[in-house]
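Below, chains carry the letters A, B, ... as their sequence lines are ordered, and counting in each starts from 1.
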There are 2 protein chains.
Amino acid sequence: MSKQMTEMLKGTLEGVVLAILAVQPAYGYEITARLREQGFSDIAEGTVYALLVRVEQRGLVDVAKVPSEKGPPRKVYSLNASGGEYLEEFWRTWRFLAERIEQLHQGEK
Amino acid sequence: MSKQMTEMLKGTLEGVVLAILAVQPAYGYEITARLREQGFSDIAEGTVYALLVRVEQRGLVDVAKVPSEKGPPRKVYSLNASGGEYLEEFWRTWRFLAERIEQLHQGEK
DNA sequence: TTCCACTACATAGTATCACCGGGTAGCGAA
DNA sequence: TTCGCTACCCGGTGATACTATGTAGTGGAA
């Protein structure tokens, strides 16, 4: 992954994962797969798990342990009310930043 | 500044500053002021100076010392060829990320 | 003169975050 | 048994923005 992308993901990857959980609950391995599907092909697995630990500790998600047919039990994360608010705040922040950056891109030419 | 914004700026602030320099050369204090004008009202002065040191060391900008009528001499930064390429790469990375995030925002509803 | 406000640059220390490399464990197929 | 896939976890690293503070030069007010 390019260094630029790595740095740019800081702060946004969290929102991306929460947005995925907003659609429907999912477990870590699944989230990683979904990220890859959506174009984030180089997100490291370890990164996702670390992120999930953080959002769980901050109380943004609820966790349920579900046995799996294949491999160890899954930890299924779902966005709770607090997480929903946090996600909305994320979108506001993103909008703010994106608008200003787009503006800069225009002004540059 | 919100923590979300702080984290989201990581990786993007650099591109923002380079984009400002792409329009015309500027010195640190001036860049800080321009950022505030453009809505980034809470960027700390020290953050900008630290960033300028980094981009200078990476050879993305040229520097000229210019005496000021008021206060100490200014260090005027201008984007060079290498910085121009880097900025283009930044825009590509930004576009990629922004598109995927917008897509998520749609899919969420 | 003395003091303050504004301009202008600089830096040491802190927190956060994504990545790297590796590890643990359960299950089914060759 | 061994391999491959599923699934989770962790310690250490590098990069970045922020906080708080300091240094200097200039000009105007008290």
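- Within the 4.5 Å cutoff, the side chain of Q4(A) has no heavy atoms near those of the W94(B) side chain.
- Atoms NZ and OG, from K75(A) and S68(A) in turn, are 15.0 Å apart once rounded to the nearest 0.5 Å.
- Separating the CG atom in L21(A) from the CD1 atom in I31(A) is a distance of 4.5 Å, to the nearest 0.5 Å.
- If you check residues 70-88 of chain B against DNA chain C, the residues with a heavy atom closer than 4.0 Å are K70(B), G71(B), P72(B), P73(B), R74(B), K75(B), listed by number.
- Between the CG atom in L35(A) and the CD1 atom in I20(A) there is a gap of 4.0 Å [rounded to 0.5 Å].
- Judged by distance alone, with hydrogens and angles left aside, the side-chain atoms of D62(B) form no donor-acceptor pair with the main-chain N or O of Y77(B) at under 3.5 Å.
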Side chain to side chain contact (heavy atoms under 4.5 Å, CB included) evaluation trace for L9(B) with I43(B): CA-CA 10 Å; L9(B) 279 174; I43(B) 305 285; 3.6 Å; yes

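- Proximity of residues 2-9 of chain A to DNA chain D (heavy atom under 4.0 angstrom from any strand atom) is restricted to K3(A), E7(A).
- Summarising the geometry, the separation between CZ on R54(B) and P on dC18(D) is reported as 10 Å, rounded to the nearest angstrom.
- Annotation for Y49(B): hydrophobic cluster partners, listed by chain and number, are Y27(B), Y29(B), V66(B), V76(B) (ILVMFWY side-chain heavy atoms under 4.5 Å, direct or chained).
- Along DNA chain D, the nucleotide closest to G11(B) and the one closest to S68(B) are compared, and the more 5′ of them pairs with G11(B).
- Below 30°, between 30° and 60°, or above 60°: for W91(A) and H105(B) the angle between ring planes is below 30°, a parallel geometry.
- Contact check on E45(A) versus R36(A) returns no salt bridge, with no Lys/Arg side-chain nitrogen under 4.0 Å from an Asp/Glu carboxylate oxygen.
- Taking CD of Q57(A) as the start and CG of L52(A) as the end, the distance is 11.5 Å to the nearest 0.5 Å.
- Relative orientation of the F40(A) and F96(B) rings is perpendicular, given thresholds of 30° and 60° on the angle between their planes.
- Of all nucleotides in DNA chain C, those with any atom nearer than 4.0 Å to a heavy atom of chain A start and finish, going 5' to 3', at dC17(C) to dC27(C).
- For the pair F90(B) and E14(B), the minimum side-chain heavy-atom distance is 4.5 Å or more.
- For the segment residues 13-44 of chain B, the set of residues with a heavy atom within less than 4.0 Å of an atom of DNA chain C comprises Y27(B), G28(B), Y29(B), in numerical order.
- Residue R74(B) holds its CZ atom at 5.0 Å from CD of E69(B), rounded to the nearest 0.5 Å.
- R34(B) has no carboxylate O lying under 4.0 Å from a charged side-chain N of E37(B), or vice versa, which leaves the two without a salt bridge.
- Regarding contacts with the backbone of dC8(D), a side-chain N or O of Y49(A) is found under 4.0 angstrom from either OP1 or OP2.
- The shortest side-chain heavy-atom distance between E7(A) and K3(A) does not fall under the 4.5 Å cut-off.
- Near DNA chain C, meaning a heavy atom under 4.0 Å from it, residues 56-65 of chain B has no residue at all.
- Residue G46(B) is classed as a base contact, given a heavy-atom separation below 4.0 Å to a base.
- As a whole-Å value, the separation of L52(B) CG from dC18(D) P is 13 Å.
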